[in-house]
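Since the structure comes first, as structure tokens, the remarks are kept for the end.
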Amino acid sequence: QVQLVESGGGLVQAGGSLRLSCTFSGRAFSSYVMAWFRQAPGKEREFVAAISALLGTTYYADSVKGRFTASRDNARNTVYLQMNSLKPDDTAVYYCAADSRLSASGDMDYWGKGILVTVSS
């Protein structure tokens, strides 16, 4: 059974940076597409970023393109989300997800419990 555990969230001022980590266990990490989603208070969950299994190709929502960077370390079974130039609108619970293919609509097989990121103005 795949387990995902997020870490690295917290409170940061606007313009600051945070790096989220997601540790994967239970299966062959290198076979999975890894994605980040977020859900702000009162809003639906939305796709943020993803990284493919083999080539490490990255995909980003327009709202974070140029500010967020997804990466993965297959030796550590970990995926990262480096978030720079953070804005108050980035405040949300961030979720790590895994599947054999990417679904930007959120139809992914495995999910972490989420971690809160709060950006103060």
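- Side-chain contact check for V117 versus D90: every heavy-atom pair is 4.5 Å or farther apart.
- From S121, atom OG reaches atom NZ of K87 across 14.0 Å, with rounding to the nearest 0.5 Å.
- Considering OG of S7 and CZ of R19, their distance stands at 8.5 Å, rounded to 0.5 Å.
- In terms of modelled atom types and a separation under 3.5 Å, the side chain of E6 and the main chain of K113 share a donor-acceptor contact.
- Note that the CG atom of L116 and the OG1 atom of T91 stand 7.5 Å from one another [nearest 0.5 Å].
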| task | List the steps, then state whether side-chain contact (heavy atoms from CB on, under 4.5 Å) holds for T58 with T69. | result | CA-CA 8 Å; T58 51; T69 302; over 6 Å; no

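- Rounded to the nearest 0.5 Å, atoms CD1 (I51) and CG (L102) are 11.5 Å apart.
- Side chain of T118 to backbone of L11: no donor-acceptor contact under 3.5 angstrom is found.
- Heavy atoms only, all atoms of each residue included: S63 and R38 are closest at OG-NH2, 3.6 Å.
- Taking a 6.0 Å sphere around CZ of R76, one finds it holds 12 or fewer heavy atoms contributed by other residues, nucleotides or ligands.
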| said: Applying side-chain contact (heavy atoms from CB on, under 4.5 Å) to M83 and L20, what does each step give before you reach the verdict? | reply: CA-CA 8 Å; M83 305 185 294; L20 302 183; 3.7 Å; yes

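- Checked for salt-bridge contact, D107 and R101 meet the test: a charged N lies under 4.0 Å from a carboxylate O.
- Taking each heavy atom of Q82 and S17 in turn, the nearest pair found is NE2-CB, 3.9 Å.
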| said: Go through it in stages, so that I can follow the logic: the residues are V48 and L81, the test is side-chain contact (heavy atoms from CB on, under 4.5 Å), and I'd like the CA-CA distance, side-chain angles, deciding distance and then a yes or no. | reply: CA-CA 10 Å; V48 175; L81 185 67; 4.2 Å; yes

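- The distance from atom CD of Q3 to atom OH of Y110, rounded to the nearest 0.5 Å, is 11.0 Å.
- Contacts classified as ring pair (Phe, Tyr, Trp, His ring centres under 6.0 Å) and involving residues 52-103 (residues at least two apart or in different chains) are not found.
- Using a cut-off of 4.0 Å between Lys/Arg side-chain N and Asp/Glu carboxylate O, D62 and K65 are scored as salt-bridged.
- Between P88 and A14, the shortest heavy-atom distance links the atoms CD-CB, 4.0 Å.
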List, one per line, each side-chain donor-acceptor pair under 3.5 Å for residues 23-36, sequence neighbours excluded.
unit_1 : atom_1 : unit_2 : atom_2 : d
R27    : NH1    : Y32    : OH     : 3.4

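- In terms of heavy-atom proximity, Q39 sits nearest to K43 at NE2-O, 3.1 Å.
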| message | For V93 and I115: C-alpha separation, side-chain torsions, deciding distance, then whether side-chain contact (heavy atoms from CB on, under 4.5 Å) applies. | response | CA-CA 5 Å; V93 175; I115 193 160; 5.8 Å; no

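- Across every non-hydrogen atom of R72 and S52, the tightest pair is NH1-O, 2.9 Å.
- In this structure, the side chain of R67 engages the main chain of S85 through a donor-acceptor pair within 3.5 Å.
- With R45 contributing its side chain and S105 its backbone, the two residues share no donor-acceptor pair below 3.5 Å.
- With sequence neighbours left out, F37 forms a ring-ring contact (aromatic ring centres under 6.0 Å, His included) with F47, W111.
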